[in-house]
Engineer: 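For reference, the structure I am asking about is given below.
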Amino acid sequence: MEIMKNLFLGMMLLVITLSTQAQEKKNKNAKYTIAVNGNCEQCQRRIQKAAFSVDGVKMANWNIETHKLDVTLNEEKTSVAEVKKAVAKVGHDAGEFRATKTDYDNLHSCCQYEREEPKK
């Protein structure tokens with residue numbers, strides 16, 4: 001009887017250990033750099049405002065010269081894909097997320113950048 005009890009406890013400990021290791025840990029300060037098209041300070045304000053509108057974004061800074069958006073976010077609350085979607089929604093292509101034609105056309109003329117054709 002004692003052997004069965006020890007075997008059972010050993011198996012339970014093994015299951016708990018394996019399930020704990022299988023859980024993916026979410027980073028509360030994950031840093032990403034996203035390519036985002038734009039031209040000017042007006043674009044910069046719009047892009048950063050869109051990024052900050054996503055719950056869990058702690059820092060967002062878009063560089064006019066490099067067209068890179070540096071983002072720090074809490075992965076327990078959001079994902080980099082959600083940030084890209086928010087930026088695309090305000091008219092700026094962000095990685096694999098493209099702004100709709102309507103959103104792009106609504107940008108001020110100085111903010112309309114040369115768009116790359118989507119890859120098929």
Side-chain angles (χ1 to χ4, degrees):
M1 188 69 171
E2 188 66 31
I3 293 175
M4 291 297 285
K5 183 178 173 184
N6 287 341
L7 184 59
F8 177 76
L9 289 174
M11 293 299 284
M12 290 302 295
L13 183 61
L14 179 64
V15 167
I16 291 170
T17 302
L18 291 176
S19 67
T20 303
Q21 289 177 352
Q23 293 177 356
E24 182 180 329
K25 295 209 178 213
K26 300 288 184 175
N27 189 344
K28 291 186 178 184
N29 289 305
K31 295 181 182 184
Y32 295 94
T33 299
I34 306 164
V36 178
N37 290 319
N39 296 324
C40 63
E41 289 179 10
Q42 189 175 347
C43 295
Q44 183 181 48
R45 285 189 296 276
R46 184 182 311 104
I47 291 164
Q48 290 175 180
K49 183 177 179 180
F52 277 118
S53 74
V54 178
D55 187 40
V57 171
K58 295 180 175 185
M59 188 279 298
N61 183 42
W62 184 73
N63 185 295
I64 295 171
E65 287 81 33
T66 64
H67 294 197
K68 301 289 184 190
L69 174 64
D70 293 317
V71 179
T72 302
L73 57 87
N74 180 341
E75 291 181 323
E76 291 178 349
K77 294 183 177 183
T78 194
S79 67
V80 70
E82 291 303 315
V83 175
K84 290 178 181 180
K85 287 179 197 176
V87 170
K89 197 170 205 159
V90 297
H92 295 273
D93 296 342
E96 66 276 14
F97 292 92
R98 290 179 49 87
T100 65
K101 180 170 176 12
T102 302
D103 290 336
Y104 174 79
D105 289 345
N106 285 334
L107 292 174
H108 187 274
S109 60
C110 79
C111 296
Q112 292 184 347
Y113 48 89
E114 191 170 322
R115 297 183 86 183
E116 295 178 17
E117 290 299 314
K119 297 175 184 170
K120 295 181 180 184

Engineer: Between Tyr32 and Val57, is there shared hydrophobic-cluster membership here, with clusters defined by ILVMFWY side-chain heavy atoms closer than 4.5 Å?
Structural biologist: yes
Engineer: I'd like to know if Ile47 and Phe52 are part of one continuous hydrophobic network [Ile/Leu/Val/Met/Phe/Trp/Tyr, side-chain heavy atoms within less than 4.5 Å].
Structural biologist: yes
Engineer: Measure the spacing between SG of Cys43 and CD1 of Ile64 and express it to the nearest 0.5 Å.
Structural biologist: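 Cys43 atom SG to Ile64 atom CD1 measures 8.0 Å (nearest 0.5 Å).
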Engineer: Pairing donors with acceptors under 3.5 angstrom, does anything connect the side chains of Lys58 and Asn74?
Structural biologist: no
Engineer: Answer yes or no: are there more than 12 heavy-atom neighbours, outside Gln42 itself, under 6.0 Å from its atom CD?
Structural biologist: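 Above 12, so yes.
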Engineer: What closest approach, in Å, do Gly95 and Ile34 show between heavy atoms, and which atom pair accounts for it?
Structural biologist: N-CG2, 4.5 Å
Engineer: Looking at side-chain heavy atoms only, is the closest gap between Asp93 and Val36 below 4.5 Å?
Structural biologist: no
Engineer: Looking only at non-hydrogen atoms, find the nearest pair between Arg115 and Thr100 and report the distance.
Structural biologist: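 Closest approach of Arg115 to Thr100, heavy atoms only: NH1-O, 4.2 Å.
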Engineer: If you compare all heavy atoms of Gly91 against all heavy atoms of Leu107, which two are closest, and at what distance to 0.1 Å?
Structural biologist: O-CD1, 3.3 Å
Engineer: How far apart are the closest heavy atoms of Asn61 and Gln48, and which atoms are they?
Structural biologist: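 Where Asn61 meets Gln48 most closely, the heavy atoms are OD1-OE1, 3.2 Å.
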Engineer: Closest approach of Thr78 and Val54, non-hydrogen atoms and distance?
Structural biologist: OG1-CG1, 3.2 Å
Engineer: Please check: side-chain N/O of Tyr104 versus main-chain N/O of Val90, any donor-acceptor pairing under 3.5 Å?
Structural biologist: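 Not a single qualifying donor-acceptor pair exists.
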Engineer: Can you tell if the side chain of Val71 reaches within under 4.5 Å of the side chain of Met59, non-hydrogen atoms only?
Structural biologist: no
Engineer: With distance as the sole test, does Asn37 use its side chain to make a donor-acceptor pair with the main-chain N or O of Glu114 at under 3.5 Å?
Structural biologist: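 A pair under 3.5 Å: no.
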Engineer: Would you compute the distance between atom CD of Gln44 and atom SG of Cys111 and round it to the nearest 0.5 angstrom?
Structural biologist: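 One gets 11.5 Å once the value is rounded to the nearest 0.5 Å.
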Engineer: Could you report the tightest heavy-atom contact between Val87 and Ala94, atom names first, then the distance?
Structural biologist: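 So the minimum-distance heavy-atom pair works out to CG1-CB, 4.0 Å.
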Engineer: At what distance, to the nearest 0.5 angstrom, does CG of Asn39 lie from OG of Ser109?
Structural biologist: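 The CG atom of Asn39 sits 10.0 Å away from the OG atom of Ser109.
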Engineer: Side chains of Lys85 and Glu82, heavy atoms from C-beta outward: is any pair under 4.5 Å?
Structural biologist: yes
Engineer: Could you walk me through whether Glu75 and Lys28 pass the salt bridge (charged side-chain N to carboxylate O under 4.0 Å, His left out) check?
Structural biologist: CA-CA 6 Å; Glu75 291 181 323; Lys28 291 186 178 184; over 6 Å; no
Engineer: Is any side-chain heavy atom of Cys40 closer than 4.5 Å to one of His108?
Structural biologist: no
Engineer: For the pair His92 and Trp62, name the ring-plane relationship: parallel under 30°, tilted 30 to 60°, perpendicular over 60°.
Structural biologist: tilted
Engineer: To the nearest 0.5 Å, what is the distance between CZ on Arg98 and CG on Asp103?
Structural biologist: 12.0 Å
Engineer: Cut-off 3.5 Å, side chains only: do Thr33 and Asp70 have a donor facing an acceptor?
Structural biologist: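 Yes.
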Engineer: Might you work through the side-chain hydrogen bond (donor to acceptor under 3.5 Å, both in side chains) test for Asp105 and Thr102, ending with a clear yes or no?
Structural biologist: CA-CA 5 Å; Asp105 289 345; Thr102 302; 5.9 Å; no
